[in-house]
Amino acid sequence: MKWVDQETYLEIFPPKEFNFEECLVFLGRSEQEVLHQIQDKHVLKLLKIGQELILFKIGGNSQILRIEFPSEVPSKKEREQVANFVWEWFDLERDLTYFYKISQSDKILGPIVQKYSGLRIMGIPDLFEALVWAIIGQQINLTFAYTLKKRFVEKFGESITFGGKTFWVHPTFQKIASLEVDDLRDLQFTMRKAEYVIGIAKAMASDELSKEALLKEQDFQEMHKSLTAIRGVGAWTADYVIMKCLHHPAAFPIADVGLHNALKLQLGLDRKPSIEEIKEMAVNWEGWQAYATFYLWRSLYEQAI
DNA sequence: GTCCAGGATACTG
DNA sequence: CAGTATCATGGA
C-alpha cells in the first residue's frame, strides 16, 4: 500500500490504470444507498473501528486519493486502518495490466474496457455485509433490494449525524445473531432470507465462519465450496462474495441476470444468452471473469440513466 | 394484469 | 436425480 499519513489527512497513491471518477459513477448508482454518500465528486463514508465511529471523505483523481476527516481526526492507528480500508475498497492492490491486455483483442471487453478505463471493482470488505447484500439481492429487482437494505441498516445499524446528514454503518453480525426471524420479516424480508441472514450472523458470531479463514484457503474452489456449504448461499452468492469481498479476480457469477442483460445489450442480441453461450464468450477471460463481469455491470448502469 | 427481478431451497415424481 | 413450485414484493 502506497500512502502518506499527513496527520490531519491521508494521501493514497493508486497504481496505474485507475480512474477515480469512474469509481464514483459506480458508487453513485443508487439514490437509496445508505452506506456511503456522494457529494460534489467526493465520497463520504462512516466506518466503525473498535468502538469508534469514524467519518471520512475521499476526493482525488487518477494520481492520488486524499482522505479527510470532516468530523474529527482519528488516532494514528485508526488513520492507518482507514487507509487500509480504502485501499481494499477500491481494489488498489490489483494490477490490471494483464486484464487490459487480454481485453484489447476481445470483441466484448474491448470497447467497454476502453470506455470505463480505470474503473476498479468496488468491494465490500466486510464479509457479513457482503453476504447480507447478496442474499437480499437474490431474485428481486435492485431497487427493492436497496429498499430492504436501507430498512435493515437503519433499524439495526449505528449512525452519526454531521452537517445535517446522517451516516450509517452496517449492522454487525453480533447484533443480528441475537434477532428472531420475525424481526426481519417486519422489514419485508422473506422467511427464508430472514433465516439465511440470521443463520450466517450466528455462524460468524461463533467463529464457524470468518473472512480470515476463507482467505487462508487461498484456493478459489475451496472458498467456493466453503461458502456454498452455508444455507442460503448458492453458486451465484458464493461467486459474488468471492468477487466483492475476497477479491479473487476469477470469481464469475455466471447466472447473474445483470450480466446476461449486459451481454445482450453489448452484442445487440434479441434474447439473453444462455449459460453455455456465456461460457464460450468467456473462454479468454480466464482468471479475470470478475473484472469482466464488473465492467459489464457498469455498462448496464449507464444505460439506465 | 403480466412478467421479470444481481437465486436458493424444498418438494415431487 | 432432474424438473418444478415457492418465496414475496416492486417496477416496467
Side-chain angles (χ1 to χ4, degrees), chain A residues 25-35 112 116 119 121-124 127-153 155 170 181-201 203 209 224-246 248-249 251-266 269-276 278 281-282 285 289-305:
Chain A
V25 171
F26 184 83
L27 290 174
R29 68 186 179 147
S30 173
E31 296 284 321
Q32 296 192 85
E33 177 60 63
V34 280
L35 294 178
I112 58 174
Y116 310 121
L119 173 67
I121 292 179
M122 296 307 303
I124 305 177
L127 177 63
F128 184 56
E129 180 185 331
L131 281 162
V132 168
W133 177 231
I135 287 167
I136 284 177
Q138 290 170 2
Q139 186 55 22
I140 57 173
N141 61 70
L142 266 182
T143 308
F144 185 45
Y146 273 109
T147 302
L148 289 178
K149 170 173 152 181
K150 187 165 189 289
R151 288 179 189 155
F152 181 69
V153 170
K155 176 103 181 181
H170 192 267
V181 167
D182 283 346
D183 296 323
L184 296 182
R185 291 235 50 194
D186 291 344
L187 309 183
Q188 287 180 293
F189 278 54
T190 64
M191 179 76 81
R192 282 188 192 156
K193 286 186 182 180
E195 289 170 359
Y196 299 164
V197 167
I198 293 172
I200 285 169
L209 172 65
H224 201 275
K225 202 170 154 189
S226 301
L227 283 166
T228 51
I230 301 164
R231 184 159 179 265
V233 179
W236 177 85
T237 303
D239 279 308
Y240 184 88
V241 169
I242 293 170
M243 168 182 176
K244 298 270 284 186
C245 182
L246 305 177
H248 201 302
F252 195 18
I254 196 165
D256 184 80
V257 178
L259 175 68
H260 301 174
N261 285 329
L263 287 168
K264 178 186 167 190
L265 205 68
Q266 282 301 314
L269 308 176
D270 56 359
R271 61 170 176 80
K272 287 186 279 190
S274 68
I275 299 293
E276 285 308 313
I278 297 172
M281 296 173 195
W285 307 351
Q289 294 92 332
Y291 260 91
T293 301
F294 199 74
Y295 273 66
L296 282 160
W297 284 346
R298 172 68 181 81
S299 74
L300 207 52
Y301 172 59
E302 191 160 57
Q303 201 54 226
I305 291 176

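Letters A, B, ... are given to chains in the order of the sequence lines, protein chains preceding strands, and every chain is numbered from 1. Values reported hereafter were calculated over all heavy atoms of this structure, with side chains retained and with hydrogens, waters and symmetry mates removed.
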### Task
State the CD1-OH distance between Ile112(A) and Tyr295(A), to the nearest 0.5 angstrom.
9.0 Å

### Message
As a test of reading the structure: which of dG7(B), dA5(B), dT9(B) is closest to the side chain of Trp236(A), going by heavy atoms?
### Response
dG7(B)

#### Entry: Rounded interatomic separation in angstrom, taking CD1 from Ile140(A) and P from dA8(B)
13 Å

### Task
Check whether any side-chain nitrogen or oxygen of Arg185(A) sits under 4.0 Å from OP1 or OP2 of dC7(C), and answer yes or no.
no

### Message
So Ala235(A), base contact, sugar-phosphate only, or nothing? Heavy-atom distance under 4.0 Å.
### Response
sugar-phosphate

### Task
Nearest whole angstrom, please: distance from the C1' of dG10(C) to the CZ of Phe189(A).
15 Å

### Query
Taking the side chain of Val257(A) as its heavy atoms from C-beta onward, which of dG10(C), dA5(B), dA8(B) lies nearest to it?
dA5(B)

### Message
What I want to check is whether an N or O donor and acceptor connect the side chain of Asn141(A) with the base of dG10(C) at under 3.5 Å.
### Response
yes

### Task
Establish, with yes or no, whether the OP1 or OP2 oxygen of dT6(C) is under 4.0 angstrom from a side-chain nitrogen or oxygen of Lys193(A).
no

### Task
Please figure out whether Thr228(A) or Leu142(A) has its closest DNA chain B nucleotide nearer the 5' end.
Leu142(A)

### Task
Measure the CD1-CD distance between Ile124(A) and Glu129(A) for me, rounded to the nearest 0.5 Å.
5.5 Å

#### Entry: Criterion side-chain contact (heavy atoms from CB on, under 4.5 Å) on Lys193(A) and Ile136(A), from CA distance to verdict
CA-CA 7 Å; Lys193(A) 286 186 182 180; Ile136(A) 284 177; 5.5 Å; no

### Task
In whole angstrom, give the distance that lies between atom CG of Leu131(A) and atom P of dA8(B).
12 Å

### Task
Round to a whole Å and report the spacing from CG of Leu300(A) to P of dA12(C).
14 Å

### Separation of atom CG in Asn261(A) from atom C1' in dG7(B), rounded to whole Å
15 Å

### Summary
Taken to the nearest whole Å, CD1/Ile136(A) to C1'/dA8(B) is 15 Å

### Query
Expressed in angstrom and rounded to an integer, what is the separation of Leu148(A) atom CG from dA5(B) atom C1'?
12 Å

### Task
Would you kindly say whether Gln32(A) and Thr147(A) are connected by a side-chain donor-acceptor distance under 3.5 Å?
yes

### Message
Within the 4.0 Å heavy-atom criterion, would you say Thr237(A) contacts the bases, only the backbone, or no part of the nucleic acid?
### Response
sugar-phosphate

### Task
For the side chain of Tyr196(A), starting at C-beta, report the closest nucleotide among dA8(B), dC7(C), dA5(B).
dA8(B)

### Task
Give Ile230(A) one of three labels, base, sugar-phosphate or nothing, depending on what nucleic acid heavy atoms sit under 4.0 Å from its own.
sugar-phosphate

### Message
Taking the six-membered ring for Trp, are Phe26(A) and Tyr116(A) closer than 6.0 Å centroid to centroid?
### Response
no

#### Entry: No-H, no-angle donor-acceptor pair, Arg192(A) side chain to dT6(C) base, under 3.5 Å
yes

### Task
Could you tell me which non-hydrogen atom of Ala251(A) sits nearest to which non-hydrogen atom of Ile242(A), and how far apart they are?
CB-CG2, 3.7 Å

### Message
Counting the atoms with a prime plus P, OP1 and OP2 as sugar-phosphate, which does Gln138(A) contact under 4.0 Å by heavy atoms, base, sugar-phosphate, or nothing?
### Response
sugar-phosphate

### Task
In whole angstrom, give the distance that lies between atom CG of Asp186(A) and atom P of dT9(C).
12 Å

### Query
Contact class for Lys244(A) vs. all strands (heavy atom < 4.0 Å): base, sugar-phosphate, or nothing?
nothing

